[in-house]
There are 2 protein chains.
Amino acid sequence: MGGDYAPGVCIEGAAQALYDFPQIHLVLVGHAEKLAYYMERYGIAGHKRVSVHHAESVVEMWEPSTTSLRGKRDSSISECARLLKAKEVDAMASPGHTGAIVAATKVLVRSLPGIDRPALGASLPRANGRFMLVDAGANTNCTARNLVEFALMGEVYTSFLYKMSRPRIGLLSVGGEDIKGNELTKSVFKALSEMPINFVGNVEGDSAFEDAADVVITDGFCGNVMLKTSEGLAKLVMHWMKLAFTRNPMRVTGAMLAKNAFKDLKSYGDSSEIGGAPLLGINGICIIGHGSSNPRAVRNAIRLAAECHEFGINEKITQRIKECEDILSTLH
Amino acid sequence: MGGDYAPGVCIEGAAQALYDFPQIHLVLVGHAEKLAYYMERYGIAGHKRVSVHHAESVVEMWEPSTTSLRGKRDSSISECARLLKAKEVDAMASPGHTGAIVAATKVLVRSLPGIDRPALGASLPRANGRFMLVDAGANTNCTARNLVEFALMGEVYTSFLYKMSRPRIGLLSVGGEDIKGNELTKSVFKALSEMPINFVGNVEGDSAFEDAADVVITDGFCGNVMLKTSEGLAKLVMHWMKLAFTRNPMRVTGAMLAKNAFKDLKSYGDSSEIGGAPLLGINGICIIGHGSSNPRAVRNAIRLAAECHEFGINEKITQRIKECEDILSTLH
């Protein structure tokens with residue numbers, strides 16, 4: 001039921017996932033009547049690998065995050081979190097209200113042993129591939145311990161998603177040198193330097209897009225600012241391109257000749273191939289997609305949820321946290 | 001002496017400013033012999049509106065910010081700050097080490113009465129014009145009072161630079177609703193709501209680039225992340241464009257036909273017309289340019305310095321702070 005174009009894109013994406021991934025069974029959580037209409041429309045009504053779990057209400061995108069816990073405890077997000085908690089499902093995915101999903105899963109599903117705060121791991125593009133931003137917006141107030149947890153969870157997830165060993169961990173700050181930063185980053189810098197990880201020091205908002213690190217660690221406030229700023233600027237440049245390439249007939253002709261270049265440009269920045277950002281550290285798999293997800297992104301969010309489960313990401317995170325508990329326990 | 005291409009671009013920019021703005025007198029602060037060579041080269045040796053103030057050393061871009069106060073107290077930045085303090089100059093401009101300029105001016109020149117922390121006001125592009133980001137990186141740790149001061153200083157500067165009355169003030173946060181944010185932004189939100197300013201509430205990293213507010217207020221850590229992220233992403237998109245438009249002969253032909261579109265695109269994002277960001281709240285005018293400033297940007301930073309002085313920005317800031325002292329005094 002979540003996202004800007006629900007439930008249409010969700011069901012269309014679910015249909016694609018059913019077709020492409022024969023190993024998965026889907027439980028669609030939402031208003032049964034609405035879902036039935038769209039399931040009919042996208043040809044998955046009565047499909048043997050789909051079931052429906054009814055949820056009476058929906059957390060709307062403009063409602064406060066706590067709506068999934070108070071007020072609308074029968075929302076699709078709350079119901080989905082309960083299914084995850086009861087292990088009736090192995091993983092959940094939603095392009096719905098990020099804050100409400102975070103709140104519901106944190107309270108109903110709880111975090112992994114040793115994890116104080118689950119965090120969003122968002123994949124962002126750079127010149128030669130992608131990098132991981134943790135936390136992309138789950139926690140607006142963070143401690144040093146939180147950021148160190150983010151580093152360990154980001155390490156595990158990045159090594160899985162980008163298929164790399166020992167990903168380079170960077171700390172988002174305002175200067176490359178270790179003396180640069182605010183009180184929080186300075187203490188995190190010290191802690192990360194002492195850990196058995198591939199810590200490459202501070203990275204900045206610009207160098208992150210230039211291959212400075214594979215995992216960029218920050219609190220959820222700054223992480224969200226970084227994520228949204230990159231989206232805002234990408235949109236602005238697209239607007240400028242439309243303006244510049246339609247100003248006179250010669251430019252329009254040029255743009256037509258090079259029209260596949262525009263397609264390429266779109267694909268370079270496209271995040272729908274990843275599908276969404278996992279809420280790392282939850283005691284269950286939870287993938288949160290962008291509110292503006294298209295069916296392809298929904299399909300891929302479902303794939304990512306399945307893959308994270310198959311990979312056993314939570315067992316690996318728990319293991320990694322255990323290995324570093326000595327250092328973690330010294331942090332607050 | 002500052003910036004990535006010093007002192008060449010500085011002197012070339014200074015020469016342009018001398019030619020274009022007959023009302024200004026320039027004092028070039030730096031190593032006299034080096035300056036003499038470049039002044040000869042750019043035809044301003046012996047110019048009647050130029051003088052040279054010798055400074056023995058230079059704060060290099062990779063040195064710590066405190067270098068201008070310890071270690072290299074005879075640096076061009078330190079000397080420049082002393083001239084400003086002694087009122088031997090009305091304003092200073094530099095594309096040098098931002099942190100070192102902030103440190104030197106804060107300690108040597110001091111802030112305006114009622115101002116706790118001076119802040120950088122950086123002008124960023126959006127679809128229909130530009131917006132102002134305060135603080136863009138002068139203060140990594142901020143209090144609620146600091147951010148409210150930034151709002152008032154940003155209001156004065158924005159109304160001058162963009163020639164608008166009652167600019168819309170927005171608070172950078174992670175959601176549009178007033179309940180969204182971290183501890184700092186929540187208390188700042190409350191204070192700004194009670195002030196005699198045109199406060200439009202929270203703005204996000206993406207909506208800032210879509211005309212959500214004319215002044216975007218944040219702490220210097222997040223502000224710097226936002227500024228650098230926008231630079232990093234703009235660079236990334238340019239890289240992608242090069243890639244996409246050179247992939248085959250047809251695209252190259254199209255790009256050639258539309259080549260002025262690329263020129264337009266560059267100009268849309270170009271910040272050199274502004275010249276630099278003032279360190280608002282210093283008891284003197286101080287314009288800090290980007291390290292990669294070209295001569296045009298240096299010329300415009302000098303123009304901005306002169307205009308801020310003529311406008312009497314500091315008198316207006318002091319006045320505005322006085323008007324709001326009742327509310328400010330309740331904040332910490």
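Chain naming here is simple, since letters A, B, ... match the order of the sequence lines and numbering starts at 1 in each.
Contacts of A/T185 with chain B are made by side-chain atoms alone, with heavy-atom separations under 4.5 Å and no backbone atom involved. Contact annotation for A/A234: both backbone and side-chain heavy atoms come within less than 4.5 Å of a heavy atom of chain B. With a 4.5 Å cut-off on non-hydrogen atoms, A/L236 touches chain B through its side chain but not through its backbone. Only the side chain of A/E210 comes within less than 4.5 Å of a heavy atom in chain B; its backbone stays farther off.
In this structure a side-chain-to-backbone donor-acceptor pair under 3.5 Å is missing from B/T229 to A/S230.
Contact check for A/N224 versus B/E204: side-chain heavy atoms found under the 4.5 Å cut-off.
Residues A/G181 and B/F221 share a closest heavy-atom pair of CA-CE1, 4.2 Å. Closest approach of A/G269 and B/W240 over heavy atoms only: CA-CH2, 3.6 Å. Of all heavy-atom pairs between A/M226 and B/V225, the closest is CB-CG1, 4.1 Å. In terms of heavy-atom proximity, A/F245 sits nearest to B/L265 at CE1-CD1, 4.1 Å.
The environment of CD in A/E60 is crowded: more than 12 heavy-atom neighbours from other residues, nucleotides or ligands sit within 6.0 Å. Shown here is A/K235, whose NZ atom has no more than 12 heavy atoms of other residues, nucleotides or ligands within 6.0 Å.
The contact list for residues 126-139 of chain A toward chain B, using heavy atoms and a distance under 4.5 Å, reads A/R126, A/A127 by residue number.
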List the atom pairs, with distances to 0.1 Å, where a side-chain N or O of residues 251-263 of chain B and a protein N or O form a donor-acceptor pair under 3.5 Å, not counting sequence neighbours.
residue	atom	partner	partner atom	Å
B/R251	NH1	A/D264	OD2	2.7
B/R251	NH1	B/A244	O	2.9
B/R251	NH2	A/D264	OD2	3.3
B/T253	OG1	B/P249	O	2.7

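Counting heavy-atom pairs under 4.5 Å between each of B/E231, B/E183, B/H239 and chain A puts B/E183 at the top. Contacts with chain A were tallied for B/S207, B/P125, B/C142; B/P125 has the most, counting heavy-atom pairs under 4.5 Å. Of the listed residues (A/L184, A/L243, A/T246, A/L227), the greatest number of heavy-atom pairs within a distance under 4.5 Å of chain B belongs to A/L243.
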